[in-house]
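Written out below as structure tokens is the structure these notes cover.
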Amino acid sequence: MGEKNGLAPPTSQLLSTETSLSDVSKHQLAFLLDNVPELVFIKDCSGRYEYMNAAALASLGFGRDYLNSRTLTIFDLASKPVAECIDKLDRRVLAGDRDIYDTEERLVGEDGTTRWYAGTRIILRDQSGAPVGLAGISREITFAKRQETMRRSHASLLEMIVKGQPLKDILTALVQEVEGLLDNVFGSVLMLDEKKLILRSGAAPSLSEAYVSTVDGVPVGPNNGSCGTAAFRRDAVYVSDTFQSPLWADYVDIAKQHGLRSCWSTPIFGNNDVLLGTFALYSRSVRMPTEMEKEIIDMATNIAGIAIDRRRAEERVHYMAHHDPLTGLSNRNLFWGQFRRVLHEAKRENRLVAITYLDLDNFKQINDIYGHAAGDDVLRAFAERITSCIRASDVAVRLGGDEFAIIFSNPIHDEAGILARLEEIRRIVQEPIAQSATALTVTCSMGTAFYPNDGKTPESLLAKADAAMYRAKRDSRDRLKGK
């Protein structure tokens with residue numbers, strides 16, 4: 001923004017009421033001003049318009065001859081919030097007795113619509129230099145302002161992703177950035193669940209909790225609102241009227257309850273075109289998205305895809321680092337941390353912990369006779385069976401090869417009760433395992449140690465359970481031994 005003191009430049013003199021022009025020149029000047037995209041106007045010192053070009057009138061929704069034989073101010077032409085903003089700037093120019101260049105004006109209409117303009121205002125003077133009005137020229141820069149804000153938002157969101165901010169925070173910030181760029185819209189991110197059957201809520205900071213909870217879990221399908229359908233089609237779905245669209249037949253009541261008339265949903269993709277979820281914008285008016293809104297939606301889905309894909313990749317890496325790839329059980333890396341946590345809690349609460357070491361009997365023979373694929377089937381089945389026999393608070397781990405362990409983190413019985421429970425697990429493990437055309441029967445040897453009687457550290461307790469397991473193997477296998 002810049003300001004200048006002194007006499008108006010030659011253009012102002014040309015437009016001054018004291019300047020005489022031939023009829024031809026006036027016609028040529030009017031023709032010129034009516035064919036430029038900028039908004040041009042002339043006012044007297046009281047704010048009454050003496051001239052507006054076609055672009056200025058059109059921006060207010062009026063035709064070229066609207067000012068003829070009328071004495072109007074901005075309050076007659078625009079909504080009160082917009083008129084007050086423009087009038088305030090005009091008065092500042094006249095009161096300061098100086099021209100003002102390259103100002104930026106943010107105009108907000110009664111419907112909440114925001115528009116940005118860049119403009120220049122020049123004081124018109126008579127031959128003595130006294131102000132007789134002002135001339136102005138401005139152009140709309142809403143698109144450029146939004147593009148600039150988009151670039152800043154894009155950089156800020158990518159920084160959050162790189163710094164490893166929580167996914168919920170990133171998605172919430174993304175939705176809020178989009179809502180700040182546009183007028184009267186509400187954003188939502190839904191994420192595809194692991195089974196790729198339903199969409200779960202990721203972020204919707206401006207939608208009511210009641211609505212969010214209703215659409216949380218919407219199935220992926222051909223007639224499941226804008227989002228479920230977009231995920232099913234793997235393509236954008238723009239619904240201009242949710243009250244009338246057949247896609248919203250099952251959700252029209254909740255749409256009416258919250259006044260959501262239109263919903264535009266776009267699928268979110270990650271690497272290798274993997275579907276990750278949907279990004280949606282809602283409006284309270286019946287309409288389709290503008291080209292600008294579509295561009296912003298594309299930006300948002302791109303960033304959401306990067307954020308979700310990166311977080312899931314991190315989760316996969318973390319899972320692979322701490323779980324056995326064949327059985328899905330905890331591996332040794334995770335086991336020690338889990339065991340220390342369980343013992344710490346047991347010490348604080350003065351309760352019992354049991355650790356059982358399990359080893360399949362004659363597993364090498366299964367691999368030698370039936371092949372390693374059959375051996376893998378046996379290991380997976382064995383893991384599933386011991387997992388089905390323990391509670392959520394217990395921990396099952398594959399230590400390596402055919403060796404497993406179970407941590408009973410909060411046993412409700414005494415040592416005898418735990419041993420009886422392990423006998424039941426041993427019997428379940430013996431049930432035949434279907435493998436191709438063969439049903440294999442396996443057994444296991446188990447050894448158990450108890451905290452705090454048999455040891456107070458993970459290492460000492462596991463060593464005691466391991467020793468007990470080897471005594472069981474030595475005594476004809478398929479046995480359970482205490483320490």
Side-chain angles (χ1 to χ4, degrees), residues 322-339 342-343 353-391 394-409 411 415-416 418-435 438-451 453-455 457-483:
H322 294 88
H323 291 81
D324 173 49
L326 179 64
T327 64
L329 298 181
S330 300
N331 62 13
R332 279 184 177 270
N333 293 334
L334 184 58
F335 165 74
W336 292 113
Q338 291 173 317
F339 204 175
V342 168
L343 292 183
V353 171
I355 174 71
T356 298
Y357 206 114
L358 306 91
D359 185 89
L360 288 174
D361 298 326
N362 301 315
F363 181 70
K364 184 177 183 301
Q365 294 180 11
I366 294 174
N367 277 332
D368 292 344
I369 297 172
Y370 299 101
H372 288 283
D376 288 348
D377 289 342
V378 168
L379 291 173
R380 279 191 290 264
F382 183 80
E384 291 172 1
R385 290 180 181 185
I386 63 174
T387 302
S388 68
C389 295
I390 63 176
R391 295 175 302 177
D394 300 329
V395 178
V397 56
R398 185 186 180 196
L399 297 172
D402 60 347
E403 297 179 340
F404 296 78
I406 301 174
I407 305 171
F408 296 96
S409 63
E415 293 186 11
I418 290 296
L419 295 175
R421 188 175 171 196
L422 289 170
E423 286 287 0
E424 181 182 354
I425 291 175
R426 187 170 61 83
R427 289 192 297 271
I428 292 174
V429 166
Q430 290 177 342
E431 295 177 1
I433 298 172
Q435 203 287 317
T438 305
L440 300 178
T441 300
V442 298
T443 61
C444 70
S445 298
M446 296 187 285
T448 300
F450 294 89
Y451 169 87
N453 295 337
D454 299 331
T457 67
E459 293 80 6
S460 63
L461 287 164
L462 186 63
K464 292 285 183 66
D466 188 17
M469 183 272 295
Y470 273 103
R471 288 198 301 274
K473 275 191 176 295
R474 183 187 62 201
D475 298 339
S476 302
R477 306 176 187 275
D478 189 21
R479 292 289 185 270
L480 166 65
K481 290 287 186 179
K483 65 174 180 60

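Nearest heavy atom pair, residue Ser330 against residue Val397, reads O-CG2, 2.9 Å. Shortest non-hydrogen contact noted between Gly455 and Ser460 is CA-OG, 3.7 Å. Closest approach of Ala465 to Ala449, counting heavy atoms only: N-CB, 3.9 Å. The shortest heavy-atom contact between Arg385 and Gln430 is NH1-C, 4.4 Å. Across all their heavy atoms, Leu462 and Leu399 have their closest contact at CD1-CD1, 4.4 Å.
For the atom pair CD (Glu431) and CG (Leu440), the distance works out to 14.5 Å, reported to the nearest 0.5 Å. Remark: Thr356 OG1 to Asp394 CG distance equals 10.0 Å, nearest 0.5 Å. Between the OG1 atom of Thr443 and the CZ atom of Phe363 there is a distance of 12.5 Å, given to the nearest 0.5 Å.
No side-chain N or O of Ser445 forms a donor-acceptor pair with one of Asp359 less than 3.5 Å apart.
Residues Thr448 and Tyr357 form no side-chain contact, since every pair of their non-hydrogen atoms from C-beta on lies 4.5 Å or further apart. In this structure, Ile406 and Ile390 have side chains that are in contact, with non-hydrogen atoms separated by less than 4.5 Å. Here the side chains of Arg426 and Met446 are in contact, with some heavy-atom distance below 4.5 Å. Side-chain contact between Asp454 and Leu461 is present, with heavy atoms from C-beta onward closer than 4.5 Å. Contact annotation: the side chain of Phe408 approaches that of Leu422 to within less than 4.5 Å [non-hydrogen atoms, C-beta and beyond].
By the side-chain contact (heavy atoms from CB on, under 4.5 Å) test, Val342 pairs with Val353, Ile407, Ser409, sequence neighbours left out. Every side-chain contact (heavy atoms from CB on, under 4.5 Å) that Asp368 has, sequence neighbours left out, goes to Lys364.
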### Task
Quick one: do Ile433 and Thr441 satisfy side chain to side chain contact (heavy atoms under 4.5 Å, CB included)? Show the steps, please.
CA-CA 6 Å; Ile433 298 172; Thr441 300; over 6 Å; no
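Partner of His323 under the side chain to side chain contact (heavy atoms under 4.5 Å, CB included) criterion, chosen from Leu334, Leu329, Asn333: Leu334. Shown are Val429, Asn362, Leu379; of these, the side chain to side chain contact (heavy atoms under 4.5 Å, CB included) with Val442 is made only by Val429. Test Ile386, Asn331, Leu358, Leu326 against Arg398 for side chain to side chain contact (heavy atoms under 4.5 Å, CB included) and you get one pass: Leu326.
By the 30° and 60° cut-offs, the orientation of the rings of Trp336 relative to Phe339 is parallel.
Ion pairing between Glu424 and Arg421 fails under the 4.0 Å rule for side-chain N and carboxylate O.
When atom types are taken as modelled, the side chain of Lys473 and the backbone of Cys444 share no donor-acceptor pair closer than 3.5 angstrom.
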